[in-house]
Amino acid sequence: MGLEDQGGSGQIQAPAQGAAEQAPAPAKARAGETQLQEQEQIQSQKYAARAGNIKLFRQLDELEPDRRIVQESELLPGFWKRLPGVITTTVQNLVNWGRRNSLWYYPIGTACCAIEGLMAAGATRFDLDRHGMPPWFSPRWCDVMIVAGTVTEKMAPAIKTIYDQMAEPKYVIAVGGCAINGGPFYQGYNVVDGVDKLIPVDVYVPGCPPRPEAVLHGIYMLREKIARAGTRPAPAKR
Amino acid sequence: MTEEEKKPQPAAAGPAEAPEKPDPFAAVREPVLARFPQLQPDGDMKTAAGFIVPAQDLLRVARGLKAMPGVALDYLSHVTGVDYKDHLQVVYYLMGTGTGAQVVLKVNVPAENPEVDSVTSVWPGADWHEREAYDLLGVRFRDHPNLKRILLWEGYEGYPLRKDFVDRRPKRERQIKAAR
């Protein structure tokens with residue numbers, strides 16, 4: 001429509017436009033091919049790096065076999081391990097897998113360790129949420145209670161009540177010297193010398209205060225403990 | 001007798017040296033002592049002008065210092081206590097927000113029956129501070145509106161910041177999770 005209305009001037013311009021379109025087209029195609037090649041190269045490099053990481057992790061696991069998180073398949077006889085594309089497990093292992101990967105935690109922050117260790121581990125840099133651990137303030141929904149800080153005599157009945165309100169299976173992590181045995185205040189007139197005098201503790205994270213990495217390490221130790229719950233011990237030789 | 005005579009000599013030498021240093025709190029200390037001659041200046045204080053107040057005069061002195069022009073101690077920043085074994089001491093940290101005067105009042109009370117007038121009628125902010133002193137040192141404040149424990153719970157035995165305090169809590173056993 002536009003070309004017909006403009007008349008002769010439009011006829012002259014039309015081939016020029018066509019020529020302009022034809023000329024750069026191969027260049028565009030070439031650019032697209034090179035981009036695809038580059039992307040493939042980058043992707044292959046990523047795959048190679050990932051494979052290298054896996055190789056590195058395997059080497060690390062061989063160096064420190066005790067530190068390694070036990071996989072369910074390794075607890076099974078060798079025949080089942082080698083079946084391709086088939087996952088075999090026991091009900092107990094399946095339950096443990098579910099339990100240890102969504103440990104909602106009830107934070108009991110009674111003193112400075114709550115800020116330095118627990119809240120720092122839960123905030124964006126260390127981010128407990130990416131480990132499947134949201135903080136939740138209802139004990140009925142929580143799996144693990146993290147006690148960070150000095151436990152006073154006035155706080156003791158509240159902690160005991162909250163622990164009793166949690167549903168089984170429930171776990172407790174004591175973060176910091178005060179929660180472990182009273183720390184520097186163990187002779188205090190109003191201090192309970194360790195939260196394990198009130199409730200059973202699964203993992204102790206020492207420090208005054210501990211680093212957030214230490215809290216994460218304690219959480220992963222608890223995961224190993226849950227992975228082994230109700231199963232036979234991991235084989236000594238791998 | 002000769003030994004007893006020798007002992008007061010260094011004590012007598014102390015005041016002789018003291019006038020060489022100018023009193024940094026003379027602007028506050030002199031009018032207060034002129035108004036209340038029963039106060040004893042306490043030279044140990046380095047942050048504020050210190051006075052030792054007789055227990056029966058505390059409330060009158062407090063009202064007078066709050067109303068005195070040039071001093072006008074209208075802000076009570078802290079009330080605390082000290083256990084000196086033979087007696088207890090209640091310490092009041094006071095400031096004049098308009099005048100900049102800083103004064104510390106100290107009241108000595110006997111350890112057997114520590115009782116002193118409450119200053120909540122003069123400075124209402126003394127309420128929780130006096131409750132804390134009652135909670136941890138056992139000083140009873142007369143005419144306090146709500147004198148009960150503030151940090152510890154009702155029924156706690158003893159006053160934990162006293163020097164002769166003995167912790168009588170029963171020992172707790174470590175809890176261990178039953179094997180499942």
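Hydrogens, waters and symmetry mates are skipped; everything else that's a heavy atom, side chains included, is used. What you are looking at is a predicted structure, and each value in this text was computed from that prediction instead of being measured.
- Sparse packing is recorded around OH of Y186(A), with 12 or fewer heavy atoms of other residues, nucleotides or ligands lying under 6.0 Å away.
- Shown here are the salt bridge (Lys or Arg N to Asp or Glu O under 4.0 Å) partners of R211(A), two or more places apart in sequence or in another chain: E213(A).
- Each of R174(B), Q175(B), R172(B) was checked for a side-chain contact (heavy atoms from CB on, under 4.5 Å) with L198(A), and the lone residue meeting it is R172(B).
- Under a cut-off of 6.0 angstrom, the local environment of CD in E157(B) is sparse, with at most 12 non-hydrogen atoms contributed by other residues, nucleotides or ligands.
- At most 12 heavy atoms of other shown residues, nucleotides or ligands fall within 6.0 angstrom of atom CZ in R168(B).
- Closest heavy-atom contact between D167(B) and G188(A): OD2-O, 4.0 Å.
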Exercise for review: Please step through side-chain contact (heavy atoms from CB on, under 4.5 Å) for the pair K171(B) and K197(A), ending with a clear verdict.
Suggested key: CA-CA 9 Å; K171(B) 197 177 181 197; K197(A) 304 293 193 300; over 6 Å; no

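- Only the side chain of L161(B) comes within less than 4.5 Å of a heavy atom of chain A; its backbone N, CA, C and O stay farther away.
- The number of heavy-atom neighbours closer than 6.0 Å to OH of Y75(B), taken from other residues, nucleotides and ligands shown, is 12 or below.
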Review point. Can you list the steps and then say if W153(B) with N190(A) is a side-chain contact (heavy atoms from CB on, under 4.5 Å)?
Key: CA-CA 10 Å; W153(B) 56 95; N190(A) 197 21; 3.2 Å; yes

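- Of all the heavy atoms in Y156(B) and Y189(A), the pair that sits closest is OH-O, 3.0 Å.
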Exercise for review: Carefully, step by step, assess K177(B) and Y171(A) under the rule side-chain contact (heavy atoms from CB on, under 4.5 Å).
Suggested key: CA-CA 10 Å; K177(B) 190 180 275 186; Y171(A) 310 94; 3.8 Å; yes

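- Between atom CG of residue L152(B) and atom NZ of residue K154(A) there is a gap of 7.0 Å, rounded to the nearest 0.5 Å.
- Heavy atoms from other residues, nucleotides or ligands lying under 6.0 Å from CH2 of W141(A) number 12 at most.
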